[in-house]
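Notes to accompany the following structure.
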Amino acid sequence: MPPAKALSLDDPRLRRALASRHVVCLTGAGISAESGIPTFRGAEGLWKRFRPEELANFEAFLANPELVWEWYRFRRDKIGAALPNAGHRALASWQGRSEGGFHLITQNVDGLHQRAGSTDVIELHGNIWNDRCLECGARRASTADDAAAVPRCACGGNMRPDVVWFGEWLPEAALAKSFVLARECEVFLSVGTSAVVQPAADLPLLAKRHGACLIEINPEPTPISGSADFNFFAPAGDVLPILLEAAA
Ligand code: BJW
Ligand code: ZN
């Protein structure tokens with residue numbers, strides 16, 4: 001078991017932090033695990049069965065677009081059948097009552113935050129429900145036509161999932177806004193991320209360097225655990241509703 005640091009909600013420092021008006025939350029695959037969507041890394045992670053270098057980079061797509069599309073269709077099916085969980089809902093409620101003082105940044109491409117009611121979600125790694133044309137750059141929401149082995153654009157070009165693969169730049173505006181929010185917030189929540197994929201993994205530490213209280217929620221320790229002011233080594237769906245209550 002990872003060492004517990006300060007888990008009591010009675011801690012006045014935690015109470016004070018939760019009452020803050022400028023809260024930023026970064027989520028990763030772990031928040032959707034309780035909706036039945038596999039994470040990437042870890043014992044049950046997708047990378048145990050699928051090799052990222054074969055699936056999550058542009059060269060892999062060029063070499064075998066059919067295989068990559070098959071993988072994304074498999075994931076779309078899983079995500080489409082999933083429902084937002086208590087963790088997603090708690091974050092949506094937190095934002096709903098925060099009068100603009102709560103911002104959500106996600107590495108997830110599954111759209112479950114939006115389905116739970118979160119708005120203005122900053123998506124750092126794109127969205128699995130969108131396609132982008134390799135030839136003309138046109139974007140479109142996925143359609144039933146995506147059942148084709150490799151979906152085609154109106155211009156005839158191959159479509160790819162509009163997500164960010166290894167070695168690709170993150171959406172510039174989303175990343176720039178995330179850095180500003182991390183520098184300016186009073187509390188930074190890092191939820192369900194292994195905190196190993198850059199540049200997203202820098203955000204919690206950037207916030208901390210600029211004076212924010214860093215709260216991490218993850219059943220397992222991560223490279224940023226030692227920098228956190230408060231660690232909750234438990235599932236997000238258990239912890240977030242409790243923090244939401246305490247923040248009221
Ligand atoms: C729970 C839970 C529960 C379980 N409750 N928690 C060296 C230094 C710096 C950077 C690099 C470097 N070498 C290479 C790089 C760059 C690279 C990188 O960071 N690589 C590292 C892996 C080393 N980064 C990039 O390439 C990025 N681009 C970039 O840097 O551009 C500049 C550049 C340009 C040209 C050349 C080089 C650089 C792009 C990264 C794109 C990541 N894409 C993916 C796929 C998205 C599409 C898709 O979904 O298919 O994004 S990879 C995958 O990892 C996905 C995720 O968003 C991302 C992060 O994963 P996440 O969310 O943290 O999930 P897991 O599975 O890792 O962790 C889940 C956690 O949940 C675990 O900790 C569990 O314990 C926990 N958990 N149940 C709470 N109930
Ligand atoms: Zn096109």
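For ligands, and for the atoms within them, numbers begin at 1 and follow the listed sequence. Residues take their numbers from the sequence shown, with the count starting at 1. In this text, all values refer to a predicted model and were calculated from it rather than measured experimentally.
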Examine [X] against ligand 1 and note whether any of their N/O atoms are separated by less than 3.5 Å.
{"X": "G167", "answer": "yes"}
{"X": "N108", "answer": "no"}
{"X": "V197", "answer": "no"}
{"X": "Q107", "answer": "yes"}
{"X": "I31", "answer": "no"}
{"X": "G192", "answer": "yes"}
{"X": "A29", "answer": "yes"}

message = According to salt bridge (Lys or Arg N to Asp or Glu O under 4.0 Å), does anything in residues 104-121 pair up with another residue at least two apart or in another chain? List the pairs.
response =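 For residues 104-121: none.
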query = So which heavy atom on E34 is nearest to which on P235, and how close?
reply =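 It is OE2-CB, 3.6 Å.
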task = From the options F40, F166, W169, select the one whose nearest heavy atom is closest to atom 55 (C) of ligand 1.
result =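 Among F40, F166, W169, the closest heavy atom to atom 55 (C) of ligand 1 belongs to F40.
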Under 4.0 Å to a heavy atom of [X] - the qualifying atoms of ligand 1, by number:
{"X": "G28", "value": "62 (O)"}
{"X": "E168", "value": "27 (C), 28 (N), 29 (C), 31 (O), 39 (C)"}
{"X": "R75", "value": "48 (C), 49 (O), 50 (O)"}
{"X": "W165", "value": "39 (C), 41 (C)"}
{"X": "V163", "value": "47 (C)"}
{"X": "E220", "value": "75 (O)"}
{"X": "E34", "value": "3 (C), 5 (N), 80 (N)"}

inquiry  = Yes or no, since that's all I need: does a protein heavy atom fall within a distance strictly under 4.0 Å of atom 7 (C) of ligand 1?
reply    =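 No, because not a single protein heavy atom sits under 4.0 Å from atom 7 (C) of ligand 1.
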Tabulate below the donor-acceptor pairs under 3.5 Å that side-chain atoms of residues 172-179 make, not counting sequence neighbours, or state none.
| residue | atom | partner | partner atom | Å |
| --- | --- | --- | --- | --- |
| S178 | OG | A174 | O | 2.7 |

message = Students often mix this up, so state it plainly: with edges at 30° and 60°, are the rings of F58 and F61 parallel, tilted or perpendicular?
response =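 Ring orientation of F58 relative to F61: parallel.
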message = If you define the side chain from C-beta out and look only at heavy atoms, does anything of Y72 sit under 4.5 Å from P161?
response =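 In short, these two side chains touch, coming nearer than 4.5 Å.
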query = L240 versus I217: any side-chain heavy-atom pair under 4.5 Å?
reply =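 Answer yes - side chains close enough.
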hydrophobic_cluster_shared for I37 and L26, side chain cutoff 4.5 Å =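 No, L26 does not connect to I37 through the hydrophobic network.
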request  = May I ask whether V163 and L67 are part of the same hydrophobic cluster, defined by side-chain heavy atoms of I, L, V, M, F, W, Y residues being less than 4.5 angstrom apart, directly or through others?
outcome  =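 Linked within one cluster.
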task = Please list, chain by chain and in numerical order, all residues satisfying ring pair (Phe, Tyr, Trp, His ring centres under 6.0 Å) with H103, sequence neighbours excluded.
result =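 With neighbours one apart ignored, the set is empty.
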request  = Could you find the nearest protein heavy atom to atom 18 (C) of ligand 1 and give me its residue, atom name and distance?
outcome  =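 The closest one turns out to be Q198 N, 3.8 Å.
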ask   = Do R140 and D162 sit within salt-bridge range, that is, some charged N less than 4.0 Å from a carboxylate O?
value =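 Salt bridge: no.
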task = Inspect the contact between R76 and E70 and indicate whether a charged nitrogen and a carboxylate oxygen are less than 4.0 angstrom apart.
result =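 Salt bridge absent between E70 and R76.
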Under-2.8 Å protein N/O/S neighbours of the Zn ion (ligand 2), ordered by chain then residue number =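 Atoms qualifying: C133 SG, C136 SG, C153 SG, C155 SG.
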Backbone of W165 reached by a side-chain donor or acceptor of N57 within 3.5 Å =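 Here the side-chain-to-backbone pair does not exist.
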request  = Spell out, as yes or no, whether a donor-acceptor pair under 3.5 Å connects the side chain of T193 to the backbone of A195.
outcome  =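 Pair found, side chain donor or acceptor close to backbone of A195.
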inquiry  = Once you restrict to heavy atoms under 4.0 Å, what part of T193 touches ligand 1? Side chain, backbone, both or neither.
reply    =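 Contact part for T193 vs ligand 1: both backbone and side chain.
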message = Out of the candidates I224, L124, V24, only one should pair with L203 under the side-chain contact (heavy atoms from CB on, under 4.5 Å) rule; please name it.
response =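 Looking at I224, L124, V24, the match for L203 under the side-chain contact (heavy atoms from CB on, under 4.5 Å) is L124.
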message = Tell me if the CD atom of Q198 is crowded by more than 12 foreign heavy atoms within 6.0 Å.
response =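 Atom CD in Q198 is packed in, count exceeds 12.
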inquiry  = Less than 4.0 Å is my threshold; does some heavy atom of A56 fall inside it relative to ligand 1?
reply    =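 A56 does not count as a contact of ligand 1 under the 4.0 Å cut-off.
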